[in-house]
Structure formats: structure tokens, C-alpha cells
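Worksheet for the structure shown next.
This structure is a prediction, so every number in the text was calculated from the model and none was measured. Every heavy atom of this structure was used, including side-chain atoms; hydrogens, water molecules and symmetry mates were not.
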Amino acid sequence: MATKKKPSFSAVPSRSGGSILPWLGVAFIVILIDQITKITITRMFMHGEEKPITGFFNLVLAYNPGAAFSFLAAEGGWQRYLFTAIGLVAVGFIVYLLRKHAGQRMFCWALALILGGALGNLIDRMAYGHVIDFLDFYWRGLGHFPAFNVADSAICVGAFLFIVDELRRVSKH
């Protein structure tokens, strides 16, 4: 007796045979956590207000109109549009890569985290003209690391996973 092959119900099929839906779900979770934490901080703090948590960590409400490490933050406002455009292009390229490589787990984890972080910061930039940062780590005597947020953390973890994935791929060949 012949059996029928079940149809694949992949929400967004890709060339690699996987679905990008789980990866978009990861990105959505990052965006959700990022935005909830930012909303919470903006309701509890005034701009510039700090609350010491440990001897090396504060919560602080900071606005970053620039990019990473406040790059171009002191410009006249045009950087908002530049970084928004870069973010939109990056999102499009990441979605393309997710569709093309949906079956490569670590690569897609990296991309999904970067996508969620990029969209989290893009939402801020489009809504407020700046990114909301609130995590402030410091080392006594050396100073403070630039404040950052959940989206920035997701981007960094995603970049780390991307490097690990690439090193694993290179070592196999």
C-alpha cells in the first residue's frame, strides 16, 4: 500500500528547505523584550538619572542619537535618517539571508538575534529620533562603558555566534 507524502506547511519556504518563521519568532522575542525594558526604564527614570545596582553596574536612562558608542551623536540630526536607512537595508539583507539559509541553525540564530536587535533600535530611532539605552557597566578607576540596551546585547551575541559559526565552517574545510 502506497503512502501519501504529507505536504510541508512551512510558513515562509526557503531555498534551503527550512522555514524562516522560527527565526522571525526569535527576532520578535528580542524586539518584545527590548521594547518592554525600554518602556519600563523611560517610565521609571528621568533622562540622565542613574540608579546604582552593584559596584560595577547602574541603570541609567540615556538617549543616543548616534550609532554604536555614540558615533555621530553630536551631529545636527541628519544621522537619524542615515542610520534609519542603514537599518532598513540591513533588515532586508538579513531576511534575504534567512530565506536562503533557513536550515543552518547557528547561522540563523546569529541572524535572528541581529535582526531583532536592529529592529528594536530602528523602532526607537524612527519613533523618538534616538535610541534608548539603560545598561551602564563601569570599572572603578577606568570609567564607564557606553550605556547600551537589550537590542545592542542581542546584536553582540548574534555577532559572536556568527563568528563561531564561520570558524566552525572554516575548520571543517
Exercise for the section: Please tell me if the side chains of Leu61 and Met46 come closer than 4.5 Å, counting only heavy atoms from C-beta onward. Expected result: no
Practice task
Might you point out which heavy atoms bring Leu161 and Met106 nearest each other, and give the distance in Å?
Solution key: O-SD, 3.7 Å
Exercise for the section: State which residue, out of Arg99, Arg105, Gln104, fulfils the side chain to side chain donor-acceptor pair (under 3.5 Å) condition with His101. Expected result: Gln104
Practice task
Quick one: pull up CD1 in Ile94 and CG in Leu119 and give me the separation to the nearest 0.5 Å.
Solution key: 8.0 Å
Practice task
Compare every heavy atom of Ser19 with every heavy atom of Pro22, then report the nearest pair and how far apart it is.
Solution key: CD-O, 3.4 Å
Handout entry: Heavy-atom closest pair, residues Ile39 and Thr42
Key = O-OG1, 2.9 Å
Practice task
Pick out which of Leu97, Leu98, Val26 makes a side chain to side chain contact (heavy atoms under 4.5 Å, CB included) with Cys108.
Solution key: Leu98
Problem - Candidates Ile33, Val150, Ile132 - the one meeting side chain to side chain contact (heavy atoms under 4.5 Å, CB included) with Lys38 - result: Ile132
Problem - Aromatic contact, Phe107 with Phe162 (centres under 6.0 Å) - result: yes
Practice task
Look at atom CZ of Phe160 and say whether more than 12 heavy atoms of other residues, nucleotides or ligands are closer to it than 6.0 Å.
Solution key: no
Practice task
Taking the side chain as every heavy atom from C-beta outward, state whether Glu166 and Arg169 have any pair of such atoms under 4.5 Å apart.
Solution key: yes
Completion exercise
In terms of heavy-atom contacts, Gly158 and Ala110 come closest through O-CB, 3.2 Å
Problem - Hydrophobic cluster identity match, Leu113 and Ile163, side-chain contacts under 4.5 Å - result: no
Exercise for the section: Over 60° means perpendicular and under 30° means parallel, so classify the ring planes of Tyr128 and His130, tilted if in between. Expected result: parallel
Practice task
Measure the shortest side-chain to side-chain distance between Phe145 and Trp139 over non-hydrogen atoms and say whether it is less than 4.5 angstrom.
Solution key: no
Handout entry: In one Ile/Leu/Val/Met/Phe/Trp/Tyr side-chain cluster, 4.5 Å: Tyr96, Ile20
Key = yes
Fill in the blank from the handout: Scanning both residues in full, the closest heavy-atom pair of Gly120 with Asp34 reads CA-OD2, 3.4 Å
Exercise for the section: Taking the side chain as every heavy atom from C-beta outward, state whether Leu115 and Leu24 have any atom pair closer than 4.5 Å. Expected result: yes
Practice task
Following the transitive rule for hydrophobic clusters with a side-chain heavy-atom cut-off under 4.5 Å over Ile, Leu, Val, Met, Phe, Trp and Tyr, establish whether Leu88 and Ile31 coincide in one cluster.
Solution key: yes
Handout entry: Flag for Asn121-Asn149: side-chain donor and acceptor within less than 3.5 Å
Key = yes
Exercise for the section: Show your reasoning for whether side-chain contact (heavy atoms from CB on, under 4.5 Å) applies to Asp124 and Gln35. Expected result: CA-CA 9 Å; Asp124 286 7; Gln35 291 299 304; 3.2 Å; yes
Handout entry: Common cluster, Val60/Tyr63, ILVMFWY with side-chain heavy-atom separation under 4.5 Å
Key = no
Completion exercise
Minimal heavy-atom distance between Ala151 and Gly117, with the atoms involved, is CB-O, 3.3 Å
Problem - Ile155-Phe28 co-clustered via ILVMFWY side chain contacts under 4.5 Å - result: no
Exercise for the section: Spell out, as yes or no, whether a donor-acceptor pair under 3.5 Å connects the side chain of Trp23 to the backbone of Ala102. Expected result: yes
Problem - Side-chain heavy atoms of Leu135 within contact of Phe57, under 4.5 Å - result: yes
